[in-house]
**Q** 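Dropping a structure here in structure tokens format, bear with me for questions.
By convention here, the first residue in the shown sequence is residue 1. Values in this document were obtained by computation on a predicted structure and should not be read as measured data.
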Amino acid sequence: MAIKRVDDFDLNNKRVFIRVDFNVPQDENLNVTDDTRLKAALPTIKHVISHGGKAILASHLGKPKGQINPKYSLKPIVKFLSELLGFSVPMANDCIGDEVKKLVDNLKPGDLIVLENLRFHIGEEKNDPQFAKALAELCDIYINDAFGAAHRAHASIVGITQFVKDVGAGFLLANENKYLSKLMSHPERPFLVILGGVKVSDKIGVIEKLLEVADIFLVGGAMATTFLKAMGYNVGKSKYEEDKIDVAKNILEKAKEKNKPFILPTDVIVTDDLKSNFKKCVHINEIPDDMMVVDIGEETKKIFCYEITSTKTIFWNGPMGLFENPAFQEGTFAIAKCIANLNNVVSVVGGGDSAAAVRKSGYAEYFTHVSTGGGATLEFLEGIPLPGIKALDRY
Ligand code: ADP
Ligand code: 3PG
Ligand code: MG
């Protein structure tokens, strides 16, 4: 079977429901603090309206759990979308119902409307057939461009496809599918994986899968601390997962059995106060009892970059340190710079915080692909078929 893409359809005068992932970070005044997901949806939106389609955009935002809550309204997001598109985008007060139907009926070819948060209805997360049918009634063609939410079997992602004849992927979803599939099925070798971030526990599945597919591993971030602890090092007051020490030991054992280098930091940056700028670089043998690891060290940066330079494919998930504090961002940014300097390499970053870190470094444009997915990307790489992609696979 195959999946159709938005440009496979005659869109002229058709009502086109586009499921987007506008679940973007906002500050306390509800301003969008990272518009990557909005920008990533623009090619599909522009394609639909420039081909005479009547675009109906729908998304979730946050977790309002079936309750109307102004904090999770898409209205502030639409303000940012309007700026990106260069015209004022109208917005409905709901996502189903007579009033919404009327607004949709009044659309002309090339028009666009954004529906209110899908999760204001409990039926969305429950994949309720009645709610899915009510959404389906709004359109002739269903396009899913919400890769970041494709791991959710929700009504606007799965249920709706049972009630619409023509369904397909937007450009963003199709691209994510292409790059991430290629990574796992035909990577050019050597294939190097960089792991970091906070938890081993969130990532066991994907690490085990990558242990089968990739050739060499570099590990930083708080994740490295759990591995260092498993190897018997004192990690002071660092963040690590006590109950995942055995899992870490098992992963180290597997990497050894498979003869795949699993490289941990040789030195780290430590501090006694997460909010301060105080830091020093110490060897992993000398982590003080009253300090915590917040970044990879100077020697480790060099070793990691040296390994990175001799690879053909790179997948990176998890920042090397607590990059939200500029004092502890150097390790992460050094790795981003090292990758950005390479030619003829496929480099893919996945994970919400990892993508944010790479963008913050200023090197994002030099990567082959910066995934818009968090959980979706990790599940995809783990080999779990994403319900949102499966639901489109019918031709
Ligand atoms: P992603 O969202 O890309 O999958 P994670 O959520 O696993 O990544 O991890 C990101 C978080 O890890 C960031 O908030 C970063 O501050 C944190 N982090 C990385 N290294 C450390 C460390 N040594 N100590 C504490 N937190 C860390
Ligand atoms: C994400 O931000 O990862 C997606 O939008 C999915 O959101 P969810 O975790 O609230 O389902
Ligand atoms: Mg995260």
Side-chain angles (χ1 to χ4, degrees), residues 6 11 14-26 29-64 68-121 123-125 131-132 134-150 152 154-157 160 164 170-173 372 388:
V6 60
L11 304 167
K14 300 273 170 49
R15 298 168 303 160
V16 186
F17 186 104
I18 313 175
R19 175 50 159 107
V20 285
D21 186 355
F22 285 173
N23 188 32
V24 292
Q26 292 169 282
N29 298 318
L30 303 179
N31 288 312
V32 174
T33 53
D34 181 350
D35 63 1
T36 309
R37 281 181 171 174
L38 302 184
K39 282 187 179 149
L42 292 180
T44 298
I45 299 169
K46 285 182 178 168
H47 179 87
V48 170
I49 55 181
S50 67
H51 286 76
K54 303 169 179 178
I56 304 150
L57 266 55
S59 178
H60 72 285
L61 176 63
K63 297 185 193 294
I68 297 173
N69 183 341
K71 199 174 136 202
Y72 299 112
S73 170
L74 280 161
K75 285 201 180 92
I77 313 280
V78 169
K79 202 178 81 196
F80 284 80
L81 179 69
S82 299
E83 272 168 32
L84 289 174
L85 283 167
F87 59 85
S88 170
V89 177
M91 160 112 201
N93 286 324
D94 201 345
C95 59
I96 54 167
D98 289 343
E99 216 176 293
V100 177
K101 262 195 210 149
K102 235 182 262 166
L103 288 169
V104 168
D105 284 344
N106 287 336
L107 293 176
K108 291 184 196 60
D111 278 353
L112 172 63
I113 189 164
V114 177
L115 307 183
E116 186 50 287
N117 195 340
L118 292 156
R119 291 190 185 168
F120 284 176
H121 290 263
E124 166 65 358
E125 290 192 63
F131 179 67
L135 292 173
E137 278 165 7
L138 298 173
C139 70
D140 306 303
I141 299 172
Y142 168 82
I143 297 297
N144 187 349
D145 214 17
F147 177 76
R152 306 291 185 215
H154 295 172
S156 67
I157 294 163
I160 187 170
V164 185
F171 295 118
L172 167 65
L173 188 127
T372 52

**Q** If you round to the nearest 0.5 Å, how far is CG of L38 from OG of S59?
**A**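 Nearest 0.5 Å value for the OG-CG distance: 9.0 Å.
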**Q** Locate the shortest heavy-atom distance separating L138 from I56; write the atom from each residue and the value.
**A**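 Smallest interatomic distance, heavy atoms only, reads O-CD1, 3.4 Å.
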**Q** Tell me the closest heavy-atom pair linking T372 and A40, and the distance in Å.
**A**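 The pair with the smallest heavy-atom distance is CG2-CB, 3.9 Å.
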**Q** Any Lys/Arg nitrogen of R15 or D140 sitting under 4.0 Å from an Asp/Glu carboxylate oxygen of the other?
**A**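 Salt bridge present between R15 and D140.
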**Q** Taking everything shown except D105 itself, do over 12 heavy atoms lie less than 6.0 Å from its CG?
**A**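 Buried by this count: over 12 neighbours within 6.0 Å.
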**Q** If you measure from CG on L85 to CZ on F80, what distance do you get to the nearest 0.5 Å?
**A**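 The distance works out to 14.0 Å.
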**Q** side-chain contact (heavy atoms from CB on, under 4.5 Å) with L57: which of D145, L74, L81?
**A**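 Only match with L57 under side-chain contact (heavy atoms from CB on, under 4.5 Å): L81.
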**Q** Check whether more than 12 heavy atoms from other residues, nucleotides or ligands sit under 6.0 Å from atom CG of L30, and answer yes or no.
**A**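 More than 12 within 6.0 Å, yes.
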**Q** Search all heavy atoms of V20 against all heavy atoms of A146 and return the closest pair with its distance.
**A**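 Closest pair (atom of V20, atom of A146, distance): C-CB, 3.5 Å.
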**Q** How long is the gap from CG on L61 to CD1 on I77, to the nearest 0.5 Å?
**A**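 Reported value, rounded in 0.5 Å steps: 5.0 Å.
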**Q** Which value, rounded to the nearest 0.5 Å, describes the distance between I160 atom CD1 and L135 atom CG?
**A**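 Those atoms lie 5.0 Å apart.
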**Q** Which ring-ring contact (aromatic ring centres under 6.0 Å, His included) pairs, counting each pair once, include a residue from residues 29-63, with sequence neighbours left out?
**A**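 Residue pairs with at least one partner in residues 29-63: H47-H51, H47-F171.
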**Q** Can you tell me how far the CD atom of E125 sits from the CZ atom of R119, to the nearest 0.5 Å?
**A**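 Between atom CD of E125 and atom CZ of R119 there are 4.5 Å.
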**Q** Kindly give the heavy-atom pair with the smallest separation between V164 and C139, and that separation in Å.
**A**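 Scanning both residues completely, I find the closest heavy atoms to be CG2-SG, 3.9 Å.
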**Q** If you compare all heavy atoms of A58 against all heavy atoms of L115, which two are closest, and at what distance to 0.1 Å?
**A**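 That closest heavy-atom pairing would be CB-CD1, 4.2 Å.
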**Q** Taking the side chain as every heavy atom from C-beta outward, state whether L118 and H154 have any pair of such atoms under 4.5 Å apart.
**A**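 L118 vs H154: side chains apart.
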**Q** Taking all non-hydrogen atoms of both residues into account, name the closest pair between G170 and I143 and its distance.
**A**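 Heavy-atom minimum between the residues: N-CG2, 3.4 Å.
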**Q** Look up atom CG in N117 and atom CG in D94, then write down how far apart they are to the nearest 0.5 Å.
**A**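 Rounded to the nearest 0.5 Å, the CG-CG separation comes to 10.0 Å.
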**Q** Has the side chain of R152 got a donor or acceptor atom that lies under 3.5 Å from a matching backbone atom of I157?
**A**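 No.
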**Q** With a 4.5 Å heavy-atom cut-off, do L84 and K39 have their side chains touching?
**A**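 When only atoms from C-beta onward are counted, K39 and L84 do touch, with a gap below 4.5 Å.
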**Q** Can you pull the side chain to side chain donor-acceptor pair (under 3.5 Å) pairs that have at least one residue in residues 71-90, sequence neighbours excluded?
**A**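 Passing the test, one end in residues 71-90: S73-E116, K75-N93.
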**Q** Any side-chain heavy atom of V16 within less than 4.5 Å of one from I18?
**A**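 Yes. Closest side-chain heavy atoms under 4.5 Å.
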